[in-house]
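Keep in mind it's a predicted model, so treat the numbers as computed, not measured. Below, read A as the first sequence line, B as the second, and so on, with proteins coming before strands; counting in each chain starts at 1.
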Number of protein chains: 2
Amino acid sequence: MTKPDDTLSLDNQVCFALYAANRAVTARYRPLLADLDLTYPQYLVMLVLWEEGRSGAHTRVSDLGRRLRLDSGTLTPLLKRLEERGLLNRQRISQDERVVTLALTDVGWALQKRARSVPQQLLCGVALQPERLQALRQELRAVLTALEGEAGSSD
Amino acid sequence: MTKPDDTLSLDNQVCFALYAANRAVTARYRPLLADLDLTYPQYLVMLVLWEEGRSGAHTRVSDLGRRLRLDSGTLTPLLKRLEERGLLNRQRISQDERVVTLALTDVGWALQKRARSVPQQLLCGVALQPERLQALRQELRAVLTALEGEAGSSD
DNA sequence: CGAAATTAAATTGTGCACAATGTTTAATGA
DNA sequence: TCATTAAACATTGTGCACAATTTAATTTCG
């Protein structure tokens, strides 16, 4: 049982467990989201827009970026694709021409109804208790906070 | 306190916590791996090769795929880049010309020494207890097992 | 044996992520 | 004022992921 270099063992790495679990979960989402014609990141964007749009607020690209931790290099082309599909409109605001706001179209709002069953469908047939998943979610949020709070930023 | 659609709330989704935490962790790795001239997936590949190559075994592309849950569409170009950098050699075996085996070069093995400090460096200055991370790793592995064992496959 | 099915990689095409840079607009200050 | 700086988004380029297809070699079986 000599283990010359356990520190570099793949199975001991939290990072790989995170990487693999994340891909396995998104793979589960894929067929469900394909019915909605959405990729997983597009789905996350729609979640934010559905959530923030409830109050009639105008979500900015920068708001999305803060929420999802994505920059304009990722968001701009993604949002253009959603706009081309008619799910949302992108518009620069007159008060500050640098800012682009996002407004869901009727088609975009209609999609929310169909998306409502996705979370349940996902867990359907998977042997994972909800309370265990919630505990996992909190642990992951703690990791995120620890990693983001570190690098001198005040978030 | 009316919450019209909590099921689609971003913050309630385990999937997003997983997605965000994974990207935050890989972002932590990035500067460390940049010193080794490796991307994160390339690092994972090297972990497997360092681990399996200890016994002098010849790792196949398909072995890597099983281990990392990646297909040849991802691995082939990645491995070509590592080969171009002189870290490994790719060679079809004579017994079965379909199979490509991977062998680390001296340069590839030498890199292992420099990689040894990476796991420690990563946690350096991060307020996360190791035992908590190990518990998280086990939870993530349970999720992975549950998701992979489901779809009628026998792994 | 020889056609059909299977397997292992490679290829092609799309869509993220992210670094680096560019462009336009707004805010700041000597 | 107007040059400087900063902010918000867009663009470019690289490298994954992954679906779908292709190529080539092996296995299976009639």
Quiz item: Given the rule in the salt bridge (Lys or Arg N to Asp or Glu O under 4.0 Å) test, do Arg92(B) and Glu97(B) qualify, once you have shown the distances and angles that lead to the verdict?
Solution: CA-CA 6 Å; Arg92(B) 291 191 181 274; Glu97(B) 287 284 343; 5.4 Å; no

[N], OP1 or OP2 - any side-chain N/O from [X] closer than 4.0 Å?
X        : N       : answer
Arg30(B) : dC18(C) : yes
Arg90(A) : dA10(D) : yes
Gln42(A) : dG15(C) : no
Thr74(B) : dA17(D) : no
Thr39(A) : dC16(C) : yes
Lys80(A) : dT11(D) : yes
Arg81(B) : dT14(D) : no
Ser72(A) : dC9(D)  : no

Considering only side-chain heavy atoms of [X], which listed nucleotide, [options], is closest?
X        : options                   : value
Asp71(B) : dA17(C), dT11(C), dC18(D) : dC18(D)
Leu78(B) : dA9(C), dC16(D), dA17(C)  : dC16(D)
Arg23(B) : dC18(C), dA10(D), dG15(D) : dC18(C)
Val99(A) : dC9(D), dA9(C), dC16(D)   : dC9(D)

From [atom1] of [X] over to [atom2] of [N], roughly how many Å is that when rounded to an integer?
X        : N       : atom1 : atom2 : result
Leu68(A) : dC16(C) : CG    : C1'   : 13 Å
Tyr29(B) : dC18(C) : OH    : P     : 16 Å
Tyr40(A) : dG15(C) : OH    : C1'   : 15 Å
Leu64(B) : dA17(D) : CG    : P     : 13 Å
Leu75(A) : dT11(D) : CG    : P     : 14 Å
Asn22(A) : dC16(C) : CG    : P     : 15 Å
Tyr43(A) : dC16(C) : OH    : C1'   : 18 Å
Arg66(A) : dA8(D)  : CZ    : C1'   : 11 Å

Quiz prompt | Touch class at under 4.0 angstrom, heavy-atom based, for Ser62(A) against every strand present | solution = sugar-phosphate

Quiz item: Does one hydrophobic cluster hold both Leu18(A) and Leu144(B), with members joined at side-chain heavy-atom distances below 4.5 Å?
Solution: no

Quiz item: Between Thr26(B) and Val100(B), which is nearer to the 5' end of DNA chain C once each is assigned its nearest nucleotide?
Solution: Val100(B)

Exercise. Starting from the 5' end of DNA chain D, give me the residue, Thr101(A) or Pro41(B), whose nearest nucleotide shows up first.
Key: Thr101(A)

Self-check item: Reported CZ-to-OH distance for the pair Arg28(B) and Tyr40(B), which is rounded to 0.5 angstrom
Solution: 14.0 Å

Quiz item: Checking side chain to side chain contact (heavy atoms under 4.5 Å, CB included) for the pair Met46(B)/Gln112(B): CA distance, chi angles, key distance, verdict?
Solution: CA-CA 8 Å; Met46(B) 292 303 287; Gln112(B) 187 186 28; over 6 Å; no

Quiz prompt | Donor-acceptor pair between Gln91(B) and Thr101(B) side chains, under 3.5 angstrom | solution = no

Using a cut-off of under 3.5 Å, enumerate the N/O to N/O pairs linking the protein to nucleotides 24-26 of chain C.
from    : atom 1 : to       : atom 2 : distance (Å)
dT25(C) : O3'    : Glu97(A) : N      : 3.4
dT25(C) : O2     : Arg98(A) : NH1    : 3.4
dA26(C) : OP1    : Glu97(A) : N      : 3.1

Quiz item: Is the closest side-chain heavy-atom distance between Arg85(B) and Asp37(B) below 4.5 Å?
Solution: yes

Quiz item: Heavy atoms, side chains only, cut-off 4.5 Å: are Leu123(A) and Leu133(A) in contact?
Solution: yes

Exercise. Using the six-membered ring wherever Trp is involved, compare the ring planes of Tyr43(A) and Trp50(A) and label them parallel, tilted or perpendicular (cut-offs 30° and 60°).
Key: perpendicular

